[in-house]
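Each chain gets a letter, A, B and so on, in the order its sequence line appears, and its residues count up from 1.
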There are 2 protein chains.
Amino acid sequence: MVRAGKKNINTHIIKIDGFFKVAISVDCAIFGFDERELKVLLIKSDQPQFKGKWSLLGDLVSPEEDLDKAAYRVLKERTGLENVYLEQVHTFGSVRRHPTGRVVTTAYYSLVNIEQCRLTTLENELHWHSVTEMRPLAFDHRLIFDTCFKSLQNKIVDHPVGFNLLPKKFSLRELQHVYEAILGKSLDRRNFRKKILSMEILQDLNEIEDNVPHRPGKLYKFNGNTKTEMF
Amino acid sequence: MVRAGKKNINTHIIKIDGFFKVAISVDCAIFGFDERELKVLLIKSDQPQFKGKWSLLGDLVSPEEDLDKAAYRVLKERTGLENVYLEQVHTFGSVRRHPTGRVVTTAYYSLVNIEQCRLTTLENELHWHSVTEMRPLAFDHRLIFDTCFKSLQNKIVDHPVGFNLLPKKFSLRELQHVYEAILGKSLDRRNFRKKILSMEILQDLNEIEDNVPHRPGKLYKFNGNTKTEMF
DNA sequence: TCAAAAGTGTTTAATATACACCCATGC
DNA sequence: GCATGGGTGTATATTAAACACTTTTGA
């Protein structure tokens, strides 16, 4: 696989005809769910201008690499996961959005199961941040994050994508907590169950929860394909 | 304004470090409305591989030009219009989507009033094609067009953007025809009027239609800002 | 026996859909 | 006077929202 990640960005932004060339990157808002909270995976920026600030995970796109593939590569490299839910959101192309040169970036968001992640830290620090406690991010990543988060909120209203944040087996309570964390509001339990079950997207596993300090709930799995629609 | 349009694409796709650099372009599905039909502005391709085929209007993005600005520039250059409704849709970044080299393209759609257009033909032929009679397009432009068209159809369901296809003054009948052309189905007249008027987005101009072979309808104008949300 | 969440229906409100008649104008 | 679309309201169906009690388990 083509790896653009190890190259310095300046080898991709080359002065020709008197001006800098354009580089392409992808940036991913990788969402996870833990402790009833929606989280996003961030990395400590290595740019001197943004010392100590966090940024989304991204990388330059190699000239021989499909754009979508680059986003999958970033996910694979950082979380170890393949076949994850990935959605393209928007492309940010202001001339001065990146301090080092012209970088047009395409934003994606991904929904992953935090427990399955095997984070690859490399030289920088990775951390799952609660989306309700976001501090200022490096570059224009706050704008990119907000765009991704809104896109996810719109998506989940009528597309069943919440499972991707959960283990294969889950209870309706856990699924409801996912929806509540994404939408930022509490939902009526009976109406939620009614709506989800009427969609006929869940398969009853005839198993119940274990090790819960209350009456255990039924376990379900998604009866379809949890991959992205993109392929 | 930086003009990338006159350069040959090969001056932007330069072989460095043993492989071709990546170029950025924008492609616009420019929608118009005429004779009760939704139309899209296409240009005869000048690529030898696609001789005789039509393509969307697009151009390379100069390294000193914002991505959105490039889309506005294409619109201005081809239709003479400024301040039009423009929406970014998706970025297409397969390695082999363009025969000449690596070109990542960001797709936009625009809604314009055909009558206000002053088409600039330059060396190629421009034509408004009915969206119901689309023939195969050059490059991957059929995919791009379909993506833009679906995006518009989704948008119009709950966002009042249809006006952008009409003159400043219009009747409810004309507006309904716009919706019917975009959604590809006929709508109940009473329900349509009820819904639109309840949105309180129209201002009654206390004028009536002229030169219609039937009872003239009231004229309205949109009471807000018809520009894109992007700025 | 207590705490915590599972499981389960009905009533009400809001929204969307279906549908028909008289009116004003140009020809 | 006829063809064409303008203008209007109501009844029905569908969907969304509000709401409470009994049951099961672990501690």
Side-chain angles (χ1 to χ4, degrees), chain A residues 33-37 153-160 162-163 166-167 169-221, chain B residues 33-37 153-160 162-163 166-167 169-221:
Chain A
F33 180 73
D34 192 31
E35 311 258 354
R36 291 200 181 190
E37 279 191 314
Q153 289 178 321
N154 289 333
K155 185 80 179 182
I156 206 172
V157 171
D158 40 30
H159 299 271
F163 328 68
L166 292 172
K169 301 177 179 184
F170 52 87
S171 67
L172 284 175
R173 169 177 37 83
E174 293 172 303
L175 187 60
Q176 183 173 345
H177 288 158
V178 165
Y179 276 73
E180 290 177 336
I182 292 174
L183 296 173
K185 63 179 181 185
S186 58
L187 301 171
D188 180 89
R189 191 156 56 92
R190 276 171 294 189
N191 291 337
F192 178 79
R193 297 168 72 92
K194 221 184 310 175
K195 182 172 173 177
I196 295 290
L197 292 174
S198 74
M199 287 182 186
E200 300 185 333
I201 50 177
L202 295 190
Q203 184 179 333
D204 187 342
L205 291 169
N206 293 314
E207 295 178 58
I208 57 171
E209 286 180 296
D210 207 0
N211 285 334
V212 286
H214 52 75
R215 174 176 173 180
K218 282 184 174 182
L219 290 176
Y220 296 85
K221 70 168 188 175
Chain B
F33 180 74
D34 193 32
E35 310 259 354
R36 292 200 181 190
E37 279 190 315
Q153 288 178 320
N154 290 331
K155 184 81 178 179
I156 206 173
V157 171
D158 40 29
H159 295 90
F163 328 69
L166 293 172
K169 301 177 180 186
F170 53 85
S171 66
L172 284 175
R173 170 177 38 81
E174 293 172 304
L175 187 60
Q176 182 174 346
H177 288 157
V178 165
Y179 276 73
E180 290 176 334
I182 292 174
L183 296 174
K185 64 179 183 186
S186 59
L187 302 171
D188 180 89
R189 189 157 56 93
R190 277 170 293 188
N191 292 336
F192 178 79
R193 297 167 73 90
K194 222 185 308 177
K195 181 173 175 178
I196 295 291
L197 292 174
S198 73
M199 288 182 188
E200 300 185 333
I201 50 177
L202 296 190
Q203 183 179 334
D204 187 340
L205 291 168
N206 293 314
E207 296 178 59
I208 56 171
E209 287 180 296
D210 208 1
N211 285 335
V212 286
H214 53 76
R215 173 174 171 181
K218 283 183 174 183
L219 290 176
Y220 296 86
K221 70 167 188 176

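Nearest to the side-chain atoms of A:Lys194 among the listed nucleotides D:dT4, C:dT17, C:dT10 stands C:dT10. Listed nucleotides C:dC19, C:dT8, D:dT24 differ in distance to A:Arg193; the shortest reach to its side chain belongs to C:dT8. With D:dA20, D:dC19, D:dG7 as the choices, the nucleotide that has an atom nearest any side-chain atom of A:Asp188 turns out to be D:dC19.
When heavy atoms are screened at a 4.0 angstrom cut-off, A:Lys218 is found touching the sugar-phosphate backbone but no base atom.
Here the two rings, on A:Tyr220 and A:Phe170, have centers that are 6.0 Å apart or farther.
When the C1' atom of D:dA27 is taken as reference, atom CZ of A:Arg215 falls 18 Å away, rounded to whole Å. Whole-Å rounding puts the A:Phe192 CZ to C:dA6 C1' distance at 14 Å. For B:Leu187 and C:dC19, the CG to P distance is 15 Å, given to the nearest whole Å. For the pair B:Ile208 CD1 and C:dA24 C1', the computed distance is 9 Å after rounding to whole Å. Per the geometry, NE2 belonging to A:His214 stands 23 Å off P belonging to C:dT1, to the nearest Å. Nucleotide C:dG26 holds its C1' atom 13 Å from the CD atom of B:Glu209, rounded to whole Å. In this entry the distance linking CZ of B:Arg173 with C1' of C:dT25 reads 12 Å, nearest Å.
The pair A:Glu209-A:Arg173 counts as a salt bridge, with a side-chain nitrogen and a carboxylate oxygen less than 4.0 angstrom apart.
Along DNA chain D, the nucleotide nearest to A:Arg190 and the one nearest to A:Asn211 differ in position, and the one closer to the 5' end is contacted by A:Arg190. Of the two residues near DNA chain D, A:Pro216 and A:Lys195, the one whose nearest nucleotide lies more 5' is A:Lys195.
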